[in-house]
Protein chains: 2
Amino acid sequence: MARTQAPTQWLTPAQQHAWRSFLLGSTRLFDQLERDLRVEHDLSLAEYEMLVRLSEAPDRRLRMAELASSVSHSRSRVTHTISRLEASGLVARAACPTDRRGVIASLTDEGFARLVDAAPTHVDGVRRYLVDVGDPGDFEAAGRVFAATASRLDPQCASAELGVSRG
Amino acid sequence: MARTQAPTQWLTPAQQHAWRSFLLGSTRLFDQLERDLRVEHDLSLAEYEMLVRLSEAPDRRLRMAELASSVSHSRSRVTHTISRLEASGLVARAACPTDRRGVIASLTDEGFARLVDAAPTHVDGVRRYLVDVGDPGDFEAAGRVFAATASRLDPQCASAELGVSRG
DNA sequence: GAGCTGTTGTTGAACACTCAACCAACTGAG
DNA sequence: CTCAGTTGGTTGAGTGTTCAACAACAGCTC
């Protein structure tokens with residue numbers, strides 16, 4: 001069992017190039033999407049995502065924890081984000097009837113209207129900056145890669161830690 | 001010229017799925033890489049990236065603006081980040097001999113040592129969370145996609161704004 | 001139902017980033 | 001040379017996120 005730390009397996013030049021492209025591209029992408037939403041609709045990307053999730057939920061309401069896990073943000077972050085959205089009237093808080101700890105965030109009409117306004121800006125950006133810039137097959141491949149990453153890092157599935165660790 | 005706003009071209013279900021996978025996967029990926037570096041080496045990802053760029057530069061020194069553009073961060077952000085790194089002794093500032101406005105950031109020996117320590121943690125994470133979780137061909141495809149995004153959003157190349165805009 | 005244990009959501013302080021304003025220094029046209 | 005315009009870097013205020021601590025509740029065991 002006295003197995004020493006395995007030597008680091010560095011990235012191949014091709015892998016490193018791809019990794020750095022991703023780093024640079026995603027940095028610029030998020031920057032730009034964020035800026036577009038901020039300038040045109042006074043929303044951050046995180047706020048926009050919350051509005052989207054709420055709009056898709058039954059009755060346009062979701063519990064804080066569900067909201068948090070659906071976008072993989074910390075509960076604390078969701079609390080702060082929702083507080084801002086509540087302050088600007090886009091979201092309302094309500095008590096959860098079945099669990100007295102629970103808090104339900106619901107999209108107001110004003111929030112829905114804002115989302116309808118902002119969506120074209122956002123989708124347009126996603127298309128112009130990402131989806132439509134390269135080969136469609138490549139984009140789908142990227143989707144598969146990140147789906148794998150997402151499930152690899154799914155906090156629910158702690159087994160990933162054990163099964164596939166270093167070695 | 002009274003052409004009205006073109007109707008938004010929404011994402012297809014497949015595109016939307018890929019986009020959301022990317023959003024979720026990259027969120028978790030950056031979170032985890034950040035946490036690993038923070039916990040094991042008390043560095044943020046941004047700080048780590050700076051150290052990497054410096055370590056690769058001739059004489060391990062780079063001007064602030066070059067540093068900024070190589071990682072696509074704002075000059076202000078680079079100022080703040082380098083200030084922190086300087087405060088912890090990993091980087092030193094020096095005046096630029098050829099341009100009296102210029103400031104040169106250089107990696108200290110301590111900074112280099114810290115980077116050598118941290119690199120295995122980081123590369124290991126990149127492999128386990130991203131590079132090795134899916135099909136290698138898919139990963140290279142993702143690299144191409146984000147390279148395209150990066151150049152599409154390259155601040156140097158303002159022509160992109162004109163050539164490929166909405167229409 | 002008393003006592004654990006884990007979950008839910010909030011809080012406030014510390015930290016990181018953005019943005020606008022600013023000064024100093026370079027550049028090029030006249 | 002001079003002036004306008006641009007670039008390089010910093011600053012501080014405002015904003016957003018993290019982190020640890022906490023209170024309230026749920027679910028379980030005995």
Side-chain angles (χ1 to χ4, degrees), chain A residues 26-28 30-40 42-50 61-88 90-106 155-156 158, chain B residues 26-28 30-39 42-50 61-88 91-106 155-156 158:
Chain A
S26 65
T27 298
R28 289 182 182 166
F30 285 124
D31 255 43
Q32 191 63 49
L33 292 175
E34 193 95 31
R35 199 180 323 278
D36 289 350
L37 278 177
R38 177 63 67 197
V39 168
E40 298 182 32
D42 195 31
L43 286 173
S44 71
L45 191 51
E47 289 164 348
Y48 176 85
E49 278 188 75
M50 298 280 168
R61 42 179 60 234
L62 230 37
R63 281 193 55 172
M64 300 293 277
E66 298 180 90
L67 214 38
S69 78
S70 79
V71 293
S72 236
H73 289 175
S74 71
R75 271 196 280 277
S76 174
R77 182 174 177 184
V78 172
T79 292
H80 289 302
T81 304
I82 291 295
S83 295
R84 284 195 303 275
L85 289 171
E86 189 182 22
S88 26
L90 308 184
V91 160
R93 270 186 233 251
C96 175
T98 68
D99 183 340
R100 275 191 297 173
R101 294 169 305 179
V103 170
I104 292 182
S106 70
Q156 294 313 89
Chain B
S26 66
T27 298
R28 289 182 181 165
F30 285 124
D31 254 44
Q32 190 64 48
L33 292 175
E34 192 94 30
R35 199 180 323 277
D36 289 350
L37 278 177
R38 178 61 68 196
V39 168
D42 196 31
L43 286 173
S44 72
L45 191 51
E47 288 164 350
Y48 177 85
E49 278 188 76
M50 298 280 169
R61 42 179 63 233
L62 229 39
R63 283 192 56 171
M64 300 295 277
E66 297 181 90
L67 215 37
S69 77
S70 78
V71 293
S72 236
H73 289 175
S74 69
R75 273 198 279 279
S76 173
R77 182 174 178 183
V78 172
T79 293
H80 288 302
T81 304
I82 291 294
S83 295
R84 285 195 303 274
L85 289 171
E86 190 181 23
S88 26
V91 161
R93 274 177 161 100
C96 175
T98 68
D99 183 340
R100 275 188 299 171
R101 293 169 304 178
V103 170
I104 292 182
S106 70
Q156 294 312 90

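Throughout, a chain's letter reflects where its sequence line sits, starting with A, and its residues are numbered from 1. Because only heavy atoms are used, hydrogens play no part in the values below, and waters and symmetry mates are left out as well, while side chains stay in.
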- Query: B:D31 side chain: which of D:dT18, D:dG9, C:dG9 is closest?
  - Reply: D:dT18

- Which residue, A:T81 or A:R100, contacts DNA chain D at a nucleotide closer to its 5' end, judged by nearest heavy atom? A:T81

- Note on the structure: Against the side chain of A:R63, the closest entry in C:dG12, C:dT8, D:dG8 is C:dT8

- Please report the closest heavy-atom contact between B:R63 and B:G102, naming both atoms and the distance. NH2-CA, 3.2 Å

- Note on the structure: Shortest non-hydrogen pair, B:S69 vs A:R28, comes out as O-NH2, 4.3 Å

- Just how far is it from atom CD of B:E47 to atom CE of B:M50, taken to the nearest 0.5 Å? 9.0 Å

- Message: Given C:dA20, D:dA26, D:dC19, identify the nucleotide with an atom nearest to the side chain of A:D99.
- Response: D:dA26

- Message: Between P on D:dT18 and CZ on B:F30, what's the gap in Å once rounded to a whole number?
- Response: 14 Å

- Query: Of the nucleotides C:dT10, C:dA24, D:dC19, which one has an atom closest to the side chain of B:R101?
  - Reply: C:dA24

- Message: To check you understand the geometry: which heavy-atom pair defines the closest contact between B:T27 and A:V71, and what is its length?
- Response: CG2-O, 4.1 Å

- Picking from C:dT18, D:dG9, C:dA16, the nucleotide nearest the side-chain atoms of B:H80 would be C:dT18

- Query: Between C:dG9, C:dA16, C:dA25, which one does the side chain of A:T79 approach most closely?
  - Reply: C:dG9

- Item | Closest listed nucleotide, where the reference is the side chain of A:R35 and the choices are C:dA25, C:dC19, C:dT18 | C:dC19

- Message: Go nucleotide by nucleotide along DNA chain C from the 5' end; which of B:E47 and A:R93 gets its closest nucleotide reached first?
- Response: A:R93

- Message: So if I take every side-chain heavy atom of B:S76 and compare against C:dG9, D:dG8, C:dT18, which nucleotide ends up nearest?
- Response: C:dT18

- Query: When the distance from CZ of B:R77 to C1' of D:dG9 is rounded to whole Å, what number comes out?
  - Reply: 17 Å

- Message: So if I take every side-chain heavy atom of A:A65 and compare against C:dA25, C:dG9, D:dG16, which nucleotide ends up nearest?
- Response: C:dG9

- Task: Mind checking B:R75 for me? I need base, sugar-phosphate or nothing, with any heavy atom below 4.0 Å counting as a touch.
- Result: base

- Taking every non-hydrogen atom, the tightest pair across B:T79 and B:M64: CA-CE, 3.8 Å

- Task: Establish, with yes or no, whether the OP1 or OP2 oxygen of D:dT17 is under 4.0 angstrom from a side-chain nitrogen or oxygen of A:R84.
- Result: yes

